[in-house]
Amino acid sequence: MLWFQGNSMPLARSASGLFLRNCSASKTTLPVLTLFTKDPCPLCDEAKEVLKPYKNRFILQEVNITLPENSVWYERYKFDIPVFHLNGQFLMMHRVNTSKLEKQLLKLEQQSTGG
């Protein structure tokens, strides 16, 4: 299941079609949570389930590390998926750490509202 996927970013292209979240109604831009994954990846599927309660607080972009154009990410993460970056910065790997995710999302939300 894919929630949101952004346009191709400099780091990688996504594995499947694009589904864009319309953020134009909001003055703040949602952070991008990048999931480095492959198919099959049962731990990635489990992680996406854990992320469901947070899905309105970020744009989820999935990067299939097995695609040729993502070979750099494959070499880096082939034994560690799922791996998550938040706004281009490493956040966590193997499992979703909800307290870490919540802390980083709150920090970004406070920054975007000037709080």
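Keep in mind that this is a model prediction, so the values were computed, not measured. What you see below is based on every heavy atom in this structure, not just the backbone, and it leaves out hydrogens, waters and symmetry mates.
- A distance of 9.5 Å separates SG of Cys41 from CD of Glu46, quoted to the nearest 0.5 Å.
- Atom CZ of residue Arg76 and atom OG of residue Ser71 lie 11.5 Å apart, to the nearest 0.5 angstrom.
- Shown here for Pro40 and Pro42, the closest heavy-atom pair between the two residues is C-CD, 4.0 Å.
- Heavy atoms from other residues, nucleotides or ligands lying under 6.0 Å from NZ of Lys103 number 12 at most.
- Cluster membership check: Leu91 does not share its hydrophobic cluster with Leu106, using side-chain heavy-atom separations under 4.5 Å among Ile, Leu, Val, Met, Phe, Trp and Tyr.
- With contacts defined as side-chain heavy-atom distances shorter than 4.5 Å, the pair Ile81/Ile65 qualifies.
- The two residues Leu105 and Pro31 have their closest heavy-atom pair at CD2-CG, 3.9 Å.
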Q: Give the intermediate values and the outcome of salt bridge (Lys or Arg N to Asp or Glu O under 4.0 Å) for residues Glu62 and Lys38.
A: CA-CA 9 Å; Glu62 295 188 39; Lys38 66 178 183 176; over 6 Å; no
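- A side-chain donor-acceptor contact under 3.5 Å links Ser99 and Asn97.
- Val96 and Leu43 fall into different hydrophobic clusters, where Ile, Leu, Val, Met, Phe, Trp and Tyr residues are linked whenever their side-chain heavy atoms come under 4.5 Å apart, directly or through other members.
- By the 4.5 Å heavy-atom criterion applied to side chains, Gln104 and Gln89 are not counted as neighbours.
- Taking hydrophobic clusters as Ile, Leu, Val, Met, Phe, Trp and Tyr residues chained together by side-chain heavy-atom distances below 4.5 Å, Val72 does not share a cluster with Tyr74.
- Counting heavy atoms from C-beta outward, Val63 and Thr37 have side chains that stay 4.5 Å or more apart.
- Considering only heavy atoms from C-beta on, Leu108 comes within 4.5 Å of Leu86 through its side chain.
- Considering only heavy atoms from C-beta on, Thr29 stays 4.5 Å or farther from Ser112 through its side chain.
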Q: Go through the steps for Leu35 and Val83 under the test side-chain contact (heavy atoms from CB on, under 4.5 Å), then give the verdict.
A: CA-CA 6 Å; Leu35 165 60; Val83 176; over 6 Å; no
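- Looking at heavy atoms from C-beta onward, Val32 lies out of side-chain contact with Phe58 at the 4.5 angstrom threshold.
- Contact of the Leu33 side chain with the Leu51 side chain is registered, since non-hydrogen atoms from C-beta on lie closer than 4.5 Å.
- For Arg57 and Glu102, the salt-bridge test passes: some basic side-chain N is under 4.0 Å from an acidic carboxylate O.
- You'll find the side chain of Phe36 stays beyond 4.5 Å of the side chain of Asn70, heavy atoms only.
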(Q) Between His85 and Tyr77, does the ring-ring contact (aromatic ring centres under 6.0 Å, His included) criterion hold? Intermediate values first, please. (A) CA-CA 12 Å; His85 286 192; Tyr77 293 140; 5.8 Å; yes
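- Taking CD from Glu69 and CH2 from Trp73, the interatomic distance works out to 13.5 Å, rounded to the nearest 0.5 Å.
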